[in-house]
Amino acid sequence: MKPFEPFDSTLAILPFDHVDTDQIIPARFLKTTTREGLGAHCFADWRESPDFVLNRPESRDAQVLVAGENFGCGSSREHAPWALLDAGFRAVIARSFGEIFRQNAQKNALLPIEVDEATHRRLVEAPVGATVRVSLEGLRLPGGGVTAFPLDPFRRACLSKGVDEIGFVLEQEDAIAAFEARRSRAFDTRAEA
Amino acid sequence: MMPRTLYDKLWDRHLVSQREGEPALLYIDLHLIHEVTSPQAFAGLRERRVSVRRPGLTVATLDHSLPTHDRALPIADAVAAKQIALLRANAEAFGIPLHAPGSGRQGIVHVIGPELGLTQPGMTVVCGDSHTATHGAFGALAFGIGTSEVEMVLATQCLLQRKSKNLKVEVSGRLQDGVTAKDLILALIAKLGVGGGTGSVLEYTGEAIRALDMEARMTLCNMSIEAGARAGLIAPDDTTFQYLRGRPFAPRGAAWDAAVADWRALVSDDGASYEGSVHLDGGAVEPMITFGTNPAQAVPVTGSIPAVSEIAAPEREAFLKALAYMGLEPGKPMLGRPVQAVFIGSCTNGRLSDLRAAASVLRGRRVKAGVRTLVVPGSEAVRKQAEAEGLDEVFRAAGAEWREPGCSMCIAMNGDELAPGQTCVSTSNRNFEGRQGRGSRTLLASPLTAAAAAIAGAVADARRIP
């Protein structure tokens, strides 16, 4: 994973609460066996309507999606952040997030940014073409001012250095082996008890 | 020692390491995999030239993409066929047992885990599927993970985790006749809200919970995620042990006695503290049905959709958007709403007791002409037992379709789907827009209510069918 670099972007505003993973990437597109190419199907059903926000010209180049409460609720499909990334997004700003989505997004360097109501309103009401600057340290708002957002310090370090978490845990082999040695368990999915 | 909750105890038992400034490293006892969320994880293992650390703590089945009819024929959908072939190849290559169709043990991943005795009290159980919460019914810490975490568990048998909040959900009293665990969980989600459990592990306690059998407890824990919760937990008791005893992967003989003695310690201590609590009177719960596009938008079957004035101002826009999608109006009763389809199945309600309940309503009656009714058992074992009891004949005689096991029309990725605009009373877990096919409209309910709707061709109260 590459280290997360700060960037500037316009905003695509999706003014709904509880946007679930079935909307972000409908289940019929989950038959793929790769991570790539899901961007074309991101919000597939909503995109059928010509006036859907992401079909508007002002949303075309946005790398930041703004939504309401509980964005990404529903399933554990990592295809949701893969689809958003493939559609060009690098951050999602919301009032709150579904928990599994938040974790999946962070593991793919799609930054979930939780903001308070006043900040959210400022973003939603910002003039067309307004930009934000996204970095791991904070979010610079249109018209000035930087707001901090909650980010687990460990995840922040991983994102900033591009740490591969699996590699990180593989290095703890001794601790894992010691834990396994402490337990005597006959359980085995390959052989009945 | 400080009094601990069940969640604290499960956490402590699996703590591999806790280093300063880092999430805990938690050991995983059982990893369930299926065809949809695993291919990219296996590809990742190959890229890093790493093997599966503990194939003997991993088990695979096919459920999401698998057709539920004409199993003898090649799979018509080439993309699904490729995904299914890939899981077979990955299981073979990495030495992971696969319960494939025809083995007698295939089924929805959350149905076969408990059925085979793989899911046991005190375990940590994960799967690339949010309904992994189901296994919490056994007093196991069970939660859904994404594909990166599937790869992490395959490679290391561990996960990096921060501890969640712990909420106590106490349900007093006894459920009335005709009221099921599905109605209870829909009532709870309506109370908590669709994000009310976010960041939390729910522990269900109280007289009403103790009185539930294991299949009902699984239905309850299954939908914990629909309130946003990471997991649901029920402390194991004699009901749990009776269910598990003699199942293929449950301990036997002296090992069984030792296991039960250990499992009895898996209860929250008196005085243990939670971050919050919720109380519900189980005796007051009515058969429930959803009207909107998230599982918290539910009312009693005999009730009405709320009026706009009853909805808090910030929620009104979402409420009206949901009703517009569903083709429903505020303030109108749910009884009598026409439906074109009924789906009985899923990891929520595809077990034997669910099929028995549906059959009790359909026996000697006919599905209303034009109402497509699909009955999809949760596993091959459920299907076999249902057939031994003649339930398949009840369903067929009533005019319903009796299918092979799988996720089917809960997620609609295997070809079992609704036409745009159709309304379905479904025993599944999600009523999101398009969940049962593009433009589909889902009303979530219990197997009793679903069967009653099939007969009436409309939303109906199973306690009052002619």
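Chain naming here is simple, since letters A, B, ... match the order of the sequence lines and numbering starts at 1 in each. Note that the coordinates shown come from a computational prediction; the quantities given were computed from them, not determined experimentally. What you see below is based on every heavy atom in this structure, not just the backbone, and it leaves out hydrogens, waters and symmetry mates.
Without hydrogens or angle criteria, B:Arg430 side chain to A:Gly74 main chain gives a donor-acceptor distance under 3.5 Å. Between the A:Glu99 side chain and the B:Thr198 main chain, no donor and acceptor come within less than 3.5 Å of each other. B:Arg252 contributes a side-chain N or O that, together with a main-chain N or O of A:Ala193, makes up a donor-acceptor pair within less than 3.5 Å. Judged by distance alone, the side chain of A:Thr33 and the main-chain N or O of B:Pro39 form no donor-acceptor pair under 3.5 Å.
Using a cut-off of 4.0 Å between Lys/Arg side-chain N and Asp/Glu carboxylate O, A:Glu180 and B:Arg54 are scored as salt-bridged. Using a cut-off of 4.0 Å between Lys/Arg side-chain N and Asp/Glu carboxylate O, B:Glu47 and A:Arg35 are scored as not salt-bridged.
Contact count against chain B (heavy-atom pairs under 4.5 Å) is highest for A:Glu48 among A:Glu69, A:Arg182, A:Arg102, A:Glu48. Chain B forms the most heavy-atom pairs under 4.5 Å with one residue out of A:Asp22, A:Asn70, A:Thr32, A:Asn104, and that residue is A:Asp22.
Both the backbone and the side chain of B:His14 come within contact range of chain A, judged by heavy atoms closer than 4.5 Å. Contact of A:Phe154 with chain B is made through backbone and side chain together, with heavy-atom distances under 4.5 Å. Proximity to chain A (any heavy atom under 4.5 Å) is shown, for B:Pro248, by both the backbone and the side chain. Using a 4.5 Å cut-off between heavy atoms, B:Ala80 contacts chain A through both its backbone and its side chain. Residue contact with chain A, scored on non-hydrogen atoms closer than 4.5 Å, involves the backbone and the side chain of B:Asp29 alike. Of the atoms belonging to B:Ala155, heavy atoms from both backbone and side chain fall under 4.5 Å from chain A. Within the 4.5 angstrom heavy-atom criterion, only side-chain atoms of B:Glu315, from C-beta onward, approach chain A. For A:Ala178, no part lies under 4.5 angstrom from a heavy atom of chain B. Proximity to chain B involves both the backbone and the side chain of A:Phe187, based on heavy atoms less than 4.5 angstrom apart. In this structure, chain A has a heavy atom under 4.5 Å from the side chain of B:Ser65, while its backbone stays farther away. Within the 4.5 angstrom heavy-atom criterion, no atom of B:Arg247 approaches chain A. With a 4.5 Å cut-off on non-hydrogen atoms, B:Ser17 touches chain A through its side chain but not through its backbone. Using a 4.5 Å cut-off between heavy atoms, A:Ser75 contacts chain B through both its backbone and its side chain. Only the side chain of B:Ile225 comes within less than 4.5 Å of a heavy atom of chain A; its backbone N, CA, C and O stay farther away. Heavy-atom distances place no part of B:Thr132 under 4.5 Å from chain A, backbone and side chain included. Of the atoms belonging to A:Ala105, not a single heavy atom falls under 4.5 Å from chain B. The part of B:Val50 that comes within reach of chain A is its side chain, from C-beta onward, which places non-hydrogen atoms under 4.5 angstrom from that chain. Proximity to chain A (any heavy atom under 4.5 Å) is shown, for B:Pro55, by both the backbone and the side chain. Looking at B:Glu35, there are no atoms closer than 4.5 Å to chain A (heavy atoms on both sides), in backbone or side chain.
The distance from atom NZ of A:Lys107 to atom CE of B:Met152, rounded to the nearest 0.5 Å, is 5.5 Å. Expressed to the nearest 0.5 Å, how far SG of B:Cys158 lies from CD of A:Gln172 amounts to 8.0 Å. Here the CD-CG distance, from B:Glu317 to A:Asp17, works out to 8.5 Å after rounding to the nearest 0.5 Å. The CG atom of A:Asp20 sits 8.5 Å away from atom CG of B:Asn294, with the distance rounded to the nearest 0.5 Å. One finds the CZ atom of B:Phe432 at 4.5 Å from the SG atom of A:Cys73 (value rounded to the nearest 0.5 Å). Here the CG atom belonging to A:Leu30 is positioned 9.5 Å from the OG1 atom belonging to B:Thr37, to the nearest 0.5 angstrom.
Within the 4.5 Å cutoff, no side-chain heavy atoms of B:Gln157 are placed close to those of A:Ile176. A 4.5 Å side-chain heavy-atom check between B:Glu433 and A:Asp45 finds every atom pair outside the cut-off. Within the 4.5 Å cutoff, the side chain of B:Arg438 has no heavy atoms near those of the A:Pro26 side chain. For the pair A:Phe168 and B:Glu22, the minimum side-chain heavy-atom distance is below 4.5 Å. Proximity of B:Ile145 to A:Ile100: side-chain heavy atoms (C-beta onward) are nowhere separated by under 4.5 Å. Proximity of A:Gln103 to B:Ser148: side-chain heavy atoms (C-beta onward) are nowhere separated by under 4.5 Å. Two residues are said to be in side-chain contact when any heavy atoms from C-beta on lie closer than 4.5 Å; B:Leu25 and A:Val169 meet this criterion. Between A:Thr189 and B:Leu30, some side-chain heavy-atom pair lies under the 4.5 Å cut-off.
Using a 4.5 Å cut-off between non-hydrogen atoms, the part of residues 77-84 of chain A that approaches chain B consists of A:Arg77, A:Glu78, A:His79, A:Trp82.
Here the closest heavy-atom approach between residue B:Leu160 and residue A:Arg155 is recorded as O-NH2, 4.0 Å. Shortest non-hydrogen contact noted between A:Ser76 and B:Ser130 is OG-N, 3.5 Å.
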*Might you work through the side chain to side chain contact (heavy atoms under 4.5 Å, CB included) test for A:Glu173 and B:Arg53, ending with a clear yes or no?*
CA-CA 11 Å; A:Glu173 169 61 29; B:Arg53 184 182 176 85; 2.6 Å; yes
*Apply the test side chain to side chain contact (heavy atoms under 4.5 Å, CB included) to residues A:Gln23 and B:Arg435: give CA-CA distance (whole Å), side-chain angles for both, the deciding distance (0.1 Å), then the verdict.*
CA-CA 9 Å; A:Gln23 308 318 311; B:Arg435 176 77 181 182; over 6 Å; no
*asked:* With side chain to side chain contact (heavy atoms under 4.5 Å, CB included) as the criterion, how do A:Lys31 and B:Ile84 come out once you've worked through the C-alpha distance, each side chain's angles and the decisive distance to 0.1 Å?
replied: CA-CA 9 Å; A:Lys31 285 177 270 187; B:Ile84 286 163; over 6 Å; no
*Evaluate the salt bridge (charged side-chain N to carboxylate O under 4.0 Å, His left out) criterion for residues A:Glu192 and B:Arg105: first the C-alpha distance (whole Å), next the side-chain angles of each, then the deciding distance (0.1 Å), finally the verdict.*
CA-CA 13 Å; A:Glu192 292 187 20; B:Arg105 291 182 168 180; 2.6 Å; yes
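Heavy-atom neighbours of A:Arg183 CZ from other residues, nucleotides or ligands within 6.0 Å: above the threshold of 12. Atom NZ of B:Lys321 has more than 12 heavy atoms from other residues, nucleotides or ligands within 6.0 Å. Other residues, nucleotides and ligands contribute only 12 or fewer heavy atoms inside 6.0 Å of the CZ atom of A:Arg140. For A:Arg60, the CZ atom sits in a loose shell: 12 or fewer heavy atoms of surrounding residues, nucleotides or ligands are nearer than 6.0 Å.
Listed by chain and residue number, nothing satisfies the salt bridge (Lys or Arg N to Asp or Glu O under 4.0 Å) test with A:Lys161 (two or more places apart in sequence, or in another chain). Scanning for side chain to side chain contact (heavy atoms under 4.5 Å, CB included) contacts around B:Pro67 gives B:Ile75, with sequence neighbours left out. For B:His99, there are no ring pair (Phe, Tyr, Trp, His ring centres under 6.0 Å) partners at least two apart in sequence or on another chain.
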